[in-house]
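Values reported hereafter were calculated over all heavy atoms of this structure, with side chains retained and with hydrogens, waters and symmetry mates removed. This one's a predicted model, so the numbers in the text were calculated from it and none came from an experiment.
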Amino acid sequence: VHTSADSCLALAADGAVYAWGNAEYGQTLLGVKAPKTYPPVLGNLGPAIAEVGVAIKAVASGGPFALMLGENGRVYSVGYGVLGVPAGPDDVPHAVERLTPTPIEFPSVRGRVPLIKRVECSVDHAVAVDDEGCLWTWGRGAWGKLGLGDLDNVDVPTLVRLPGRVVQVACGGNHTVAVVDC
């Protein structure tokens, strides 16, 4: 179960995702916007996940958006906000409502696209840890919570330079905490 604001996600043992709470941005996987979802409903994982037969192994609810981690190491986002979808040709970030899960593209590092093992989020930022223990952050950069050395907002996952492998991470409203194995 995960929540960080006014919507919640739960991952069942069979990989089904259940959602409830505020649904005004489509973050509860209904495929439509609604004032709220209660009681919990089985989420519609949409074509980006269902067509390739990916099982979901983790979920994170950021309030106006939600993240799902597939067993394939890919991250999917639904709702509004820090979707990790890059700007288009007009350089306008695509932080818009997505009613079905959309894959988030992580940049290649040393010729390899990272395989994500963990996702966490808060209301306006998200983090992921890859199979090498590297931390990726994106979203609103206020208070330096992205760990990138500035206060800038970042639309796509960005690698955070740390002195060791991340073994634990959590997001708060105005901060991110990571434990590293130095």
Side-chain angles (χ1 to χ4, degrees), residues 1-12 15-31 33 37 40-50 52 54-86 93-107 113-131 134-141 145-147 153-160 166 168-173 175-178:
V1 174
H2 191 278
T3 185
S4 65
D6 54 3
S7 61
C8 305
L9 293 179
L11 180 63
V17 178
Y18 291 87
W20 65 99
N22 187 357
E24 67 185 330
Y25 302 114
Q27 69 270 40
T28 55
L29 299 162
L30 295 175
K33 296 188 281 184
T37 303
V41 296
L42 179 62
N44 173 8
L45 296 180
I49 296 173
V52 294
V54 174
I56 299 301
K57 71 177 197 175
V59 295
S61 176
F65 73 104
L67 299 176
M68 285 133 296
L69 174 60
E71 67 180 3
N72 60 355
R74 301 224 36 212
V75 179
Y76 303 86
S77 181
V78 65
Y80 182 84
V82 292
L83 295 173
V85 178
H94 290 131
V96 297
E97 295 169 9
R98 302 285 175 147
L99 297 178
T100 58
T102 301
I104 294 177
E105 301 298 330
F106 283 72
V113 175
L115 294 175
I116 303 304
K117 296 297 183 184
R118 181 179 178 133
V119 292
E120 294 289 336
C121 59
S122 186
V123 175
D124 58 6
H125 76 291
V127 302
V129 178
D130 69 22
D131 60 334
C134 296
L135 181 66
W136 299 81
T137 63
W138 65 102
R140 187 165 181 242
K145 64 186 160 190
L146 299 181
N153 298 337
V154 176
D155 297 323
V156 295
T158 303
L159 183 63
V160 178
V166 174
Q168 182 75 337
V169 67
C171 294
H175 62 285
T176 300
V177 177

Inset, instruction - Please name the pair of heavy atoms, one in Leu11 and one in Ala58, separated by the smallest distance, quoted to 0.1 Å. - result: CD2-N, 3.6 Å
Legend entry - Flag if over 12 foreign heavy atoms under 6.0 Å of NZ, Lys57: yes
Inset, instruction - Measure from the side-chain N and O atoms of Thr28 to the backbone N and O of Trp20, and report whether any donor-acceptor pair falls under 3.5 Å. - result: no
Legend entry - N/O donor-acceptor pair under 3.5 Å between Lys145 side chain and Gly173 backbone: yes
Inset, instruction - Just do the side chain to side chain contact (heavy atoms under 4.5 Å, CB included) check on Tyr76 and Leu67 with the steps written out, would you? - result: CA-CA 6 Å; Tyr76 303 86; Leu67 299 176; over 6 Å; no
Legend entry - Closest approach of Phe65 to Tyr80 (non-hydrogen atoms, all atoms of both residues): CB-O, 3.3 Å
Legend entry - Distance, nearest 0.5 Å, that separates CE of Met68 from OG1 of Thr102: 8.5 Å
Legend entry - Side-chain heavy-atom pair Val156, Pro107 within 4.5 angstrom cut-off: no
Inset, instruction - Scan Val129, Val75, Asp130, Val119 and name whichever one has a side-chain contact (heavy atoms from CB on, under 4.5 Å) with Trp136. - result: Asp130
Legend entry - CG-CG distance between Leu146 and Asn153, expressed to the nearest 0.5 angstrom: 7.5 Å
Legend entry - For the student: nearest non-hydrogen atoms of Ala5 and Gly63, plus distance: CB-CA, 3.5 Å
Inset, instruction - Could you list all the salt bridge (Lys or Arg N to Asp or Glu O under 4.0 Å) pairs where at least one residue sits in residues 68-80, not counting sequence neighbours? - result: Arg74-Glu105
Legend entry - Pairwise side-chain contact, Val127 with Leu135, heavy-atom cut-off 4.5 Å (strictly under): yes
Legend entry - Closest contact, heavy atoms only, Ile116 versus Leu69: O-CD1, 3.5 Å
Legend entry - Pair Thr137-His125, side chain to side chain contact (heavy atoms under 4.5 Å, CB included): steps then yes or no: CA-CA 7 Å; Thr137 63; His125 76 291; 5.9 Å; no
Inset, instruction - Using a 4.5 Å cut-off on heavy atoms from C-beta on, say whether the side chain of Gln27 contacts that of Ser61. - result: no
Legend entry - Val78 versus Gly26, closest heavy-atom pair with distance: CG2-O, 3.5 Å
Inset, instruction - Would you check, one step at a time, whether the test side chain to side chain contact (heavy atoms under 4.5 Å, CB included) holds for Val17 with Leu29? - result: CA-CA 9 Å; Val17 178; Leu29 299 162; 3.6 Å; yes
Inset, instruction - Provide the closest heavy-atom pair for Ser4 versus Gly62 in the form atom of the first, atom of the second, distance. - result: OG-CA, 3.3 Å
